[in-house]
Each structure stands twice: as C-alpha cells, then as structure tokens.
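Below you'll find the structure, written out as structure tokens, and then a few comments.
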Amino acid sequence: MPHLSFTVEPLSEIIPAVRAALEGGEEVTLEVPDPDAGLGLYAGELYTGAAGPAGRHRPWSTWADLADALGAHLLTPQPSGPGRARFGLRRYAAAPAPDAGGYGADGDWTRVDKLEDPVLLLTLVEALRRIDPPAGGRVLALGVNSGRELNALALAFPERPTPDQDSLDRHFEVVGIDTDASALAVARGRFPRAEFLELDVAELPVPALGRFDLILALSLLQSPGVRRDVLLKALCRHHLSETGGLVLGFPNARYRDGLLSYGARMKNFARPDLSLLCADVTDTRRDLQKRGFRVFVTGKHEVLLTALPVGRRVGRELTL
C-alpha cells in the first residue's frame, strides 16, 4: 500500500500524487499535519511549532472533499506522532448506483434514507416551517416512494400528531402519490392513516384529490417523462390552496458505494456540471414568482425551492 507524507506542500502537488497512488491500487495512506493543531486557521495557512515550521493546515473537511473528488472513502484518522495524523483513502467500489435497478421495495434504493443527510434534514425542516401548514391541514407528497421523507413532518411540527400516531385530532391529512406499487406498500405500513395512490404525476390534475396546504416533491421534477412547467401549472391551479405552499427538491448529488457524493453529474463529464440544475432551478423559481409566490432557495445535496404566496407571513422558529 502506498504511503505519502506531506507537511508544507500545496494542494496542487498533493492531488496528482494521491490520484496516481489510487490509480495504482485500491488504497493509499496519507500522513499530514494534524488538523486539530491548526484549529482557527484557514486551509493552506502555514503554522509553526516549538521546533520551527510544523506544516500547512487543512481541516478534515478539506480531506473529505479531496477523497470524494478522487472517488474514494476517507478512512478513520489516527494520530501519528506529535502534531501529525495518518489516514487512508480507499477507492469507491465499482458498484451500480442504488437507483440503477429502479425504486421498488426489493431494490437497493430502499437502503437510502435521505434524512440522514444533515443539510437536507435541516433545510427540509426549515422549509416546512416556512410554509407552516395549519394543524389538520392537507399534505400532498409527489413521488413519495416508501414515505421516508414524511418523517420530516413530525420533526418540523412535533406538537402536531402525524398520521401514524394514535391521535386523530390536529394531525396532517397526508396523500402520497407514486408509480411503484411495492414502494407504496411499504409507505402504507409506515403511515397506516395516510392515503397512498398509485398514480403518475403526468395525469395531474385529478379533481377528486382536492386542494392541499402543502405540496412536497423531492427529486421528482427532473425525472424522465415529467414536464415541469405542465406539472407546476396543474398543481398551482388545481391542487394548491390559496394560502398553501410548495417544497420542491432538485438533486445535486449521487450515491456511490454507500456515500453521498456532491454534485449533479452529466454523462462523459469527470466533474460535476451544474448547468442543467441551475437552469431548472432558475426557471422554476421564475415560474413560481410569476404565479405570485415568494421563493427561497436552500440546500446542498438537494436544492430546495420553498414557495409560499406573496403576502403570507413566513412561519417562525425555523430551526430544528
């Protein structure tokens, strides 16, 4: 296993050396200045110890970003003498993405829990509290799959019982829509008092569904077969209440060998390319503003557009 040691070298020298080592094997060990010794410094700043120059500071977040950029896991760091730390990088396994086999209950996608992404968890709770649907209000979840993300409702509004709890007063009336019957079966097991329908969003509007105080759609609007402008028109005209709001998610990551890797990917591009993501987010934001909504854009691995009618007061205490 290759072993690389760095002290004051710039990142521009470290990257090619680490890349070459990973290309020659599955794993490489790096020994670097201990990031804990340089707390408060910015990445790349030089600092000195009692015996002279000690190294160039880089926080653990820098090494985590480098690992992901080179397609590798960051292994658990260990101390390596005074002011030094050692850690390994192991290349991602050549495994298919968890959604490669579809989104059914028997596929790898069932292993993914998006609410384990701390940024998404915090920004989704913030978005839900911005809209602040009334107690007993109606919630429409599009592309709901197995319903994991509905747990964010209980986190955002702990004082309001959700459909899987015993109390029937003041809870949200949740309707979930998806095209995968097996995933919906799992969702029904998780939320027995919610309603889950096997329905393609391309069929909306469906007058029988009625209107909702909150419409939630994560990682849906860029799906094949979904016409974003047509769907937004149907939702705003036929399924959103006069005071209701929307939370729309645009994926800006992919899952690789058990990890969430930052950045929207395009075929034949080695690095993330955000051009389509930015265009879709900008167009959707502009569309919603023309329809009389105030729009907030937040998030990292999933960019969230939160829209609520102009003139409606934003909910308070947004933080989880």
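Everything numeric in this text was worked out from a predicted model, so none of it was measured.
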Margin query: Please confirm whether the ring centroid of His73 lies under 6.0 Å from the ring centroid of Tyr92.
Written below: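 Ring-ring flag for His73/Tyr92: true, centres closer than 6.0 Å.
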Under the 3.5 angstrom rule, does the side chain of [X] hit a backbone N or O of [Y] as a donor-acceptor pair?
X      : Y      : result
Asn145 : Ala183 : no
Thr123 : Val119 : yes
Asp113 : Leu115 : yes
Ser223 : Leu220 : yes
Asp178 : Leu184 : no
Arg129 : Ala156 : yes
Ser241 : Gly244 : yes
Arg193 : Val174 : no
Asp200 : Glu203 : no
Ser182 : Ala105 : yes

So [Y] and [X], do their side chains get closer than 4.5 Å, heavy atoms only?
X      : Y      : value
Leu216 : Leu140 : no
Ser146 : Thr110 : no
Leu288 : Leu248 : yes
Glu302 : Ser219 : yes
Leu277 : Val303 : yes
Arg228 : Asp283 : yes
Leu142 : Ile215 : yes
Leu204 : Leu199 : yes

Item checked: Remaining members of hydrophobic cluster (4.5 Å side-chain criterion), Leu89 -> Leu4, Phe6, Leu11, Ile14, Ile15, Val18, Leu22, Val28, Leu30, Val32, Trp60, Trp63, Leu66, Leu70, Leu74, Phe87
Check: In the single-linkage hydrophobic clustering (I, L, V, M, F, W, Y; side-chain heavy atoms under 4.5 Å), do Leu240 and Val201 co-cluster?
Finding: yes
Check: Val144, Leu128: one ILVMFWY side-chain cluster at the under-4.5 Å cut-off?
Finding: yes
Tell me the closest heavy-atom pair linking [X] and [Y], and the distance in Å.
X      : Y      : answer
Pro133 : Phe157 : CD-CZ, 3.6 Å
Gly102 : Trp109 : O-CB, 3.9 Å
Leu39  : His57  : N-CE1, 4.2 Å
Pro35  : Pro59  : CB-CA, 4.1 Å
His301 : Asp117 : ND1-OD2, 3.3 Å
Glu9   : Thr7   : OE1-N, 2.6 Å

Whether [Y] and [X] form a salt bridge (side-chain N of Lys/Arg under 4.0 Å from carboxylate O of Asp/Glu) is what I want to check.
X      : Y      : result
Lys290 : Asp287 : no
Glu26  : Arg90  : no
Arg84  : Asp34  : no
Lys233 : Asp229 : no

Next item on the list: Establish, yes or no, whether the cationic atom of Arg138 lies under 6.0 Å from the six-membered ring centre of Phe212 and within 45° of the ring axis.
Entry: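 Yes, a cation-pi geometry holds between Arg138 and Phe212.
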Check: Looking at Phe296, is Arg130 sitting on its ring face, NZ or CZ under 6.0 Å from the six-membered ring centre and within 45 degrees of the normal?
Finding: yes
Item checked: Candidate pair Asp280 and Phe250, rule side chain to side chain contact (heavy atoms under 4.5 Å, CB included), full reasoning -> CA-CA 8 Å; Asp280 288 345; Phe250 294 80; 4.0 Å; yes
Checklist line | Over 12 non-hydrogen atoms of neighbours within 6.0 angstrom of CZ in Arg291 | finding: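 Yes, the 6.0 Å shell around CZ holds more than 12 heavy atoms from other groups.
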Check: Is atom CZ of Arg188 surrounded by more than 12 heavy atoms (other residues, nucleotides or ligands) closer than 6.0 Å?
Finding: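 Yes - once you tally the heavy atoms of other residues, nucleotides and ligands closer than 6.0 Å, there are more than 12.
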Margin query: Run the side chain to side chain contact (heavy atoms under 4.5 Å, CB included) test on Tyr255 and Val112 for me, step by step, so that the C-alpha distance in whole Å, both residues' side-chain angles and the decisive distance to 0.1 Å come before the verdict.
Written below: CA-CA 9 Å; Tyr255 289 89; Val112 174; 3.4 Å; yes
Note to self: Please determine whether side chain to side chain donor-acceptor pair (under 3.5 Å) holds for the pair Ser261 and Asp68, giving the CA-CA distance in whole Å, both sets of side-chain angles, and the decisive distance to 0.1 Å.
What the structure shows: CA-CA 6 Å; Ser261 180; Asp68 184 38; 2.7 Å; yes
Next item on the list: Can you measure from CG (Leu304) to OG1 (Thr298) and round to the nearest 0.5 angstrom?
Entry: 4.5 Å
Next item on the list: Give the intermediate values and the outcome of side chain to side chain contact (heavy atoms under 4.5 Å, CB included) for residues Thr29 and Arg86.
Entry: CA-CA 7 Å; Thr29 300; Arg86 178 187 292 126; 3.3 Å; yes
